[in-house]
Amino acid sequence: QAKQHVRIVEVGPRDGLQNEKQSIPVETKIELIRRLATTGLQTIEAGSFVSPKWVPQMANSSHILKHILEDPPSSTEPITYQWLLPNVKGLDKFLSVHGTNNDTAAASSYPTPPPSPTTDTDNGPALNTSSSDANAMPSSTSGTNSTNAPHEISIFLAATESFSQRNTNCSIAESLDRFRPLMAKARDNNHPVRAYISVALGCPYEGPDVSPNRVAELAAELLEMGADEVSVSDTTGMGTAPRTRELLKTLKAAGIINEDIALHFHDTYGQALVNTLVGLEHGITTFDSAVGGLGGCPYSPGATGNVATEDLVHCLHSLGLDTGVDMQRVSEIGEWISEELGRGNESRAGKATMAR
Ligand code: HMG
Ligand code: MG
């Protein structure tokens, strides 16, 4: 009998790096994405098009997108790249690099790069990082797949007004108003849209008791607006097993099907895998994580990284589930990127795998 598949959305290059204080060379970011593409991961959130005044670390995302389009990382499976953005301005920046895509079918791939943009200022020349890096991993041995799925747009709003103001300088209602034209434009250009609901299990400003009904209402509204998936996010890691269970029950009671939900756990209180188990028992099959446990939201003080991809993969494999991800390879990447950033590797399973 085939093992049940669980989809992992690797958010390390975006959520994992956005909060790092030191500036990270764009070559390192691209190399991280290239390496991740060789692990069997099929979805990678690669950057964000947000205000560079708010999140300076992501300012070179245009450059990264351009690079991926011109020289797609080799991978055994097609990769879906996701790009986080908060408004139409961000989408326009994305489209100015990606090229508009109105005439192509949704399922088309991009065998030839789109025309180079002329309007953007921060996308420099194409880089070729992997070939010049002595430490680079060998390219994927089994095939070099360069035709990828359509790039996806990720949008985000909050389940509390305080977090909404801090993270996006607007109310929740204003976020929804921004999304209507954004979503229409993304869909006109054949880009699927995922929507995050932040602070779904606890808010740094309002505490742990975020209303599950409010989260369900927002999820329903985002799906009705056209989102393909809602990533229910525990930004602060305050989520516990009982409250995760209650939230999932509330979503179900509101008519939201499991296939439309992903879970995004930060591991601040060490509860991410416990909450993952609750999600699995409930029937959720998509989980977000970051290699090396990188990450944190700049507007959530004290919040640490996402659950480490290595920890998630180890846990899912131990349950007899299939992720398609090579544990050894992803552990090597966790070690490598932690060292590049001069920080400790936050993945227990990754460290243990490397110590074997
Ligand atoms: P604002 O200051 O209210 O916006 O920020 P504005 O429209 O007045 O624009 C201010 C300046 O930003 C202007 O530039 C705009 O052009 C520019 P100026 O004229 O002053 O030179 N601007 C932009 N530049 C580039 N790209 C854009 C863009 N939009 C405006 N898209 C805004 C409002 C939403 C833009 C701002 O608050 C922002 O960028 N916030 C993003 C914060 C962020 O990225 N947070 C982290 C990601 S969310 C997260 O991590 C949670 C998640 O992981 C799930 C979870 O764990 O909860 C997804
Ligand atoms: Mg996050």
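For ligands, and for the atoms within them, numbers begin at 1 and follow the listed sequence.
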Donor on one side chain, acceptor on other, T309 and E10, under 3.5 Å: yes
Distance-only polar pair, side chains of S347 and D311, donor-acceptor under 3.5 Å: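 Yes, because at least one side-chain N or O of S347 sits under 3.5 Å from a partner of the opposite role on D311.
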Could you tell me, atom by atom, which parts of ligand 1 come under 4.0 Å of a heavy atom of [X]?
X	value
N87	27 (C), 28 (C), 29 (N), 30 (C), 31 (N), 35 (C)
H264	53 (O), 54 (C), 55 (C), 56 (O)
T168	33 (C), 34 (C), 37 (O)
L84	47 (C)
K53	14 (O), 18 (P), 20 (O), 21 (O)
P52	24 (N), 25 (C)
N169	1 (P), 2 (O), 3 (O)
S198	51 (C), 54 (C), 55 (C), 57 (O)

Partner set under side-chain contact (heavy atoms from CB on, under 4.5 Å) for E346, not counting sequence neighbours: R343
N or O pair under 3.5 Å between [X] and ligand 1:
X	answer
F156	no
N167	yes
Q18	yes
V50	yes
F49	yes

Using a 4.0 Å heavy-atom cut-off, which part of [X] comes near ligand 1: side chain, backbone, both, or neither?
X	answer
V11	neither
Q165	neither
H266	side chain
V55	side chain
R178	side chain
S233	side chain
D234	neither

Option among V330, L312, I44 that satisfies the side-chain contact (heavy atoms from CB on, under 4.5 Å) test with I8: L312
Sole candidate of D322, L316, T285 that passes side-chain contact (heavy atoms from CB on, under 4.5 Å) when paired with Q4: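 Passing option: T285.
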Counting heavy atoms not belonging to [X], are there more than 12 under 6.0 Å from its [atom1]?
X	atom1	result
E224	CD	no
Y205	OH	yes
Q328	CD	yes
R348	CZ	no

Minimum side-chain heavy-atom gap L32-W336 below 4.5 Å: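 L32 vs W336: side chains touch.
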NZ or CZ of R214 within 45° of F163 ring axis and under 6.0 Å: no
Candidate pair V232 and I284, rule side chain to side chain contact (heavy atoms under 4.5 Å, CB included), full reasoning: CA-CA 11 Å; V232 177; I284 304 296; over 6 Å; no
Selected option - heavy-atom contact closest to atom 49 (C) of ligand 1, from R194, R166, R14, M58: R14
Set of residues satisfying side-chain hydrogen bond (donor to acceptor under 3.5 Å, both in side chains) with respect to H264, sequence neighbours excluded: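 Partners of H264 by the side-chain hydrogen bond (donor to acceptor under 3.5 Å, both in side chains) criterion, ordered by chain and then number, come out as D15, H266, D288, N306.
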Min heavy-atom dist D15 to ligand 1 below 4.0 Å: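 Yes, D15 has a heavy atom closer than 4.0 Å to ligand 1.
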Atom nearest to the Mg ion (ligand 2) - H266, N, O or S atoms considered: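 Among the N, O or S atoms of H266, the one closest to the Mg ion (ligand 2) is NE2.
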Vertex the Mg ion (ligand 2), rays to NE2 in H264 and OD2 in D15 - rounded to 10°: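 Here the angle at the metal atom is close to 90°, to 10°.
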Aromatic ring pairing H151/H98, orientation class (parallel under 30°, perpendicular over 60°, tilted between): perpendicular
